[in-house]
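Following: one structure in structure tokens, then a few remarks.
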Number of protein chains: 2
Amino acid sequence: MVERMARECLSVRVRLINRVVTGLYDRALRPFGMRVSQVNILVAVAHGGSARPADVCRALRLEKSTLSRDVELMKGRGWLESDPPAGGRNQVLRITPRGLELLDQMEPAWHEVQAEARRLVGEADVDALRRIADRLRLGGPD
Amino acid sequence: MVERMARECLSVRVRLINRVVTGLYDRALRPFGMRVSQVNILVAVAHGGSARPADVCRALRLEKSTLSRDVELMKGRGWLESDPPAGGRNQVLRITPRGLELLDQMEPAWHEVQAEARRLVGEADVDALRRIADRLRLGGPD
DNA sequence: ATGATTAAGTTGTATATGCGACATATGGCC
DNA sequence: GGCCATATGTCGCATATACAACTTAATCAT
């Protein structure tokens with residue numbers, strides 16, 4: 001039984017891939033003082049100009065409490081702001097000018113690490129990741 | 001720029017996939033009081049009968065300090081033991097009878113969640129995950 | 001309208017994860 | 001044998017992540 005789990009378990013593979021890729025991006029973005037988890041959130045918010053927390057949660061498949069704390073941290077660093085500022089029901093998140101500037105500054109680093117990640121993953125299988133993510137994003141509880 | 005990152009970033013996809021799949025397994029294994037991260041470690045140790053911590057780290061691409069703490073927790077629950085028991089340099093990890101028994105008990109649940117994960121990921125792309133994981137496992141710092 | 005149901009956010013708690021610093025042990029080299 | 005580089009483990013610290021319970025706001029049904 002153990003043999004089969006060791007050989008076939010999807011979770012082992014998915015989680016290993018996540019650790020390696022996350023580490024890759026985190027190291028590349030460290031000079032900017034931001035982690036990839038935070039960049040993901042920042043980009044999700046900035047994508048449409050602004051976004052409600054619940055929308056970001058659905059887009060990234062993130063638990064609301066996780067996002068709540070991440071956002072709090074990023075507000076503290078001046079990368080995000082919300083309207084209204086108090087975390088009521090109808091807040092809208094927005095990226096700050098400082099946050100946007102930082103995103104711009106990390107663009108070259110992002111290109112590099114993205115290329116490296118594609119290489120390590122294998123160009124032939126990059127598309128599979130997109131398909132899988134798209135499928136899982138739809139599959140969820142909404 | 002933000003558009004391109006939102007559309008193409010590999011890390012977003014990999015991390016989303018990880019959250020969804022990890023959540024799937026965690027919910028399925030909750031009745032057994034074990035998380036998928038712990039099952040992964042337990043299986044890695046049990047695979048060869050026993051294993052040194054550093055070997056498990058290499059196999060799963062886990063940071064040594066992460067494993068150290070996870071193992072401590074799992075020892076406390078009686079699923080793992082080490083020889084010698086004090087965490088010196090040459091310890092060897094072993095699964096306990098209780099740990100093995102628990103693995104056996106969760107076999108049906110594992111089969112179910114594995115099938116569900118394959119379905120959600122898409123059978124056509126399951127192999128891509130294996131290839132990617134294999135490539136990343138080799139690419140590392142050894 | 002209003003009461004019930006559901007959605008959205010926050011906070012408490014537990015784990016997972018990695019980095020840096022440290023202690024220690026192993027192995028080669030002279 | 002004694003030394004240095006390296007590998008192994010542990011600990012402090014910061015963050016990410018989810019679940020449960022709670023609060024509050026929106027929606028729906030009558």
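Lettering follows sequence order; numbering is per chain, from 1. Note that the coordinates shown come from a computational prediction; the quantities given were computed from them, not determined experimentally.
A 6.0 Å sphere centred on CD of E116(A) holds more than 12 heavy atoms belonging to other residues, nucleotides or ligands. Within 6.0 Å of the CD atom in E112(A), the count of heavy atoms belonging to other residues, nucleotides or ligands does not exceed 12. Residue R52(B) qualifies as open at atom CZ: its count of foreign heavy atoms under 6.0 Å is 12 or below.
Straight-line distance from the CG atom of L16(A) to the P atom of dT17(C): 11 Å, rounded to whole Å. As a whole-Å value, the separation of L24(B) CG from dT17(D) P is 17 Å. In this entry the distance linking CZ of R19(A) with P of dA16(D) reads 17 Å, nearest Å. Distance, N18(B) CG to dT17(C) C1': 11 Å, rounded to whole Å. Per the geometry, CG belonging to L80(A) stands 14 Å off P belonging to dG9(C), to the nearest Å. The nearest whole Å value for the distance from the CG atom in L62(A) to the C1' atom in dA18(D) is 10 Å. For D70(B) and dC11(D), the CG to C1' distance is 15 Å, given to the nearest whole Å. One interatomic measurement links the two molecules: CD of E72(A) to P of dT11(C), which rounds to 7 Å at whole-angstrom precision.
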Which atoms of nucleotides 19-21 of chain D (N or O only) lie under 3.5 Å from a protein N or O atom, and what are those distances?
{"unit_1": "dC19(D)", "atom_1": "OP1", "unit_2": "R27(B)", "atom_2": "NH1", "d": "3.1"}
{"unit_1": "dC19(D)", "atom_1": "N4", "unit_2": "S65(A)", "atom_2": "OG", "d": "2.7"}
{"unit_1": "dA20(D)", "atom_1": "OP1", "unit_2": "R30(B)", "atom_2": "NH1", "d": "3.4"}

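At a threshold of 4.0 angstrom between heavy atoms, the contacts of Q38(A) are confined to the sugar-phosphate backbone, with no base atom among them. Contact annotation for L67(B): no contact, since no heavy-atom pair falls under 4.0 Å across all strands.
Two residues are said to be in side-chain contact when any heavy atoms from C-beta on lie closer than 4.5 Å; K75(A) and E72(A) fail this criterion. The side-chain heavy atoms of V39(B) and R35(B), taken from C-beta on, include no pair separated by under 4.5 Å.
Mapped onto DNA chain D by nearest heavy atom, N90(A) and R35(A) fall at different nucleotides, with R35(A) at the one closer to the 5' end. For the pair A54(A) and L73(B), nearest-nucleotide mapping onto DNA chain C gives the more 5' position to A54(A).
From M74(A), atom CE reaches atom CG of L93(A) across 9.5 Å, with rounding to the nearest 0.5 Å.
Distances shorter than 4.0 Å separate none of the side-chain N or O atoms of S68(B) from OP1 or OP2 on dG9(D). Proximity of Q91(B) to the phosphate of dT10(D): a side-chain N or O atom is located under 4.0 Å from OP1 or OP2. Proximity of R61(B) to the phosphate of dT17(C): no side-chain N or O atom is located under 4.0 Å from OP1 or OP2.
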Go through L62(B) and L16(A) one step at a time and tell me if the side-chain contact (heavy atoms from CB on, under 4.5 Å) criterion holds. CA-CA 8 Å; L62(B) 255 183; L16(A) 185 151; over 6 Å; no
